[in-house]
Amino acid sequence: MSDLCCQRQLTFFALVRLKRANTMLIYFNQQPFSLTPPCTVAEFLAAQQQLRPGIAVAINQQVIPRSCWDTQPLNDGDTIMLFTAIAGG
């Protein structure tokens with residue numbers, strides 16, 4: 001078995017172990033993250049040093065207004081995508 005295959009298996013088993021603990025698994029820009037609930041969008045973005053002007057957030061393909069970030073909870077299995085606004089003409 002190649003090293004790459006072993007790394008994938010270890011990652012899979014690590015994710016299974018996380019699911020058994022008091023944690024939730026989310027995906028942020030296609031990368032898995034383990035969080036201890038409760039956690040809001042704003043808290044998560046701050047922890048990732050991504051809470052800055054000019055970004056938009058979509059959870060499960062639905063854009064979340066910036067005014068809701070402080071109260072919008074993250075849930076187990078959420079897929080979060082971060083977008084940077086680009087101006088042009």
Side-chain angles (χ1 to χ4, degrees):
M1 193 179 308
S2 72
D3 288 338
L4 180 59
C5 184
C6 291
Q7 289 174 354
R8 285 184 182 164
Q9 283 185 336
L10 289 174
T11 301
F12 171 77
F13 290 121
L15 293 175
V16 169
R17 217 171 25 251
L18 287 173
K19 293 298 295 169
R20 291 184 182 153
N22 185 26
T23 60
M24 61 182 173
L25 179 65
I26 64 162
Y27 293 88
F28 176 60
N29 289 343
Q30 301 177 345
Q31 298 297 315
F33 281 82
S34 174
L35 301 176
T36 302
C39 184
T40 65
V41 171
E43 291 168 336
F44 178 73
L45 292 177
Q48 301 305 312
Q49 299 178 344
Q50 296 293 327
L51 195 55
R52 60 186 196 273
I55 61 169
V57 173
I59 298 177
N60 303 325
Q61 300 182 348
Q62 181 176 1
V63 175
I64 306 300
R66 192 186 251 319
S67 61
C68 297
W69 291 3
D70 286 329
T71 58
Q72 176 68 45
L74 296 177
N75 298 301
D76 190 43
D78 279 348
T79 298
I80 303 161
M81 296 297 292
L82 187 70
F83 300 93
T84 302
I86 299 174

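Source: prediction; values computed, not measured.
Clustering of Ile, Leu, Val, Met, Phe, Trp and Tyr by side-chain heavy atoms under 4.5 Å joins M81 with F83.
Within the model, atoms CD1 of I59 and OH of Y27 stand 15.5 Å from one another, a figure rounded to the nearest 0.5 Å. Here the CG-CG distance, from L35 to L74, works out to 6.5 Å after rounding to the nearest 0.5 Å. Going from atom CZ of R52 over to atom CG of L82 covers 6.0 Å, rounded to the nearest 0.5 Å.
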### Task
Decide yes or no on side chain to side chain contact (heavy atoms under 4.5 Å, CB included) for D76 and L25, but give the supporting numbers first.
CA-CA 5 Å; D76 190 43; L25 179 65; 3.9 Å; yes
Taking distance alone, no hydrogens or angles, what donor-acceptor pairs closer than 3.5 Å link side-chain atoms of residues 41-48 to residues at least two apart or in another chain?
| from | atom 1 | to | atom 2 | distance (Å) |
| --- | --- | --- | --- | --- |
| E43 | OE1 | T40 | N | 2.8 |
| E43 | OE1 | T40 | OG1 | 3.4 |

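Considering only residues two or more places apart in sequence or on other chains, N75 meets the side chain to side chain contact (heavy atoms under 4.5 Å, CB included) condition with D78. Under the side chain to side chain contact (heavy atoms under 4.5 Å, CB included) criterion, P38 pairs with no residue at all, not counting sequence neighbours.
Residue pairs meeting the side-chain hydrogen bond (donor to acceptor under 3.5 Å, both in side chains) criterion with at least one member in residues 62-73: none, sequence neighbours excluded.
Nearest heavy-atom pair across Q50 and I55 is O-CD1, 2.9 Å.
L51 and V63 fall into different hydrophobic clusters, defined by Ile, Leu, Val, Met, Phe, Trp and Tyr side-chain heavy atoms under 4.5 Å apart, directly or through other members.
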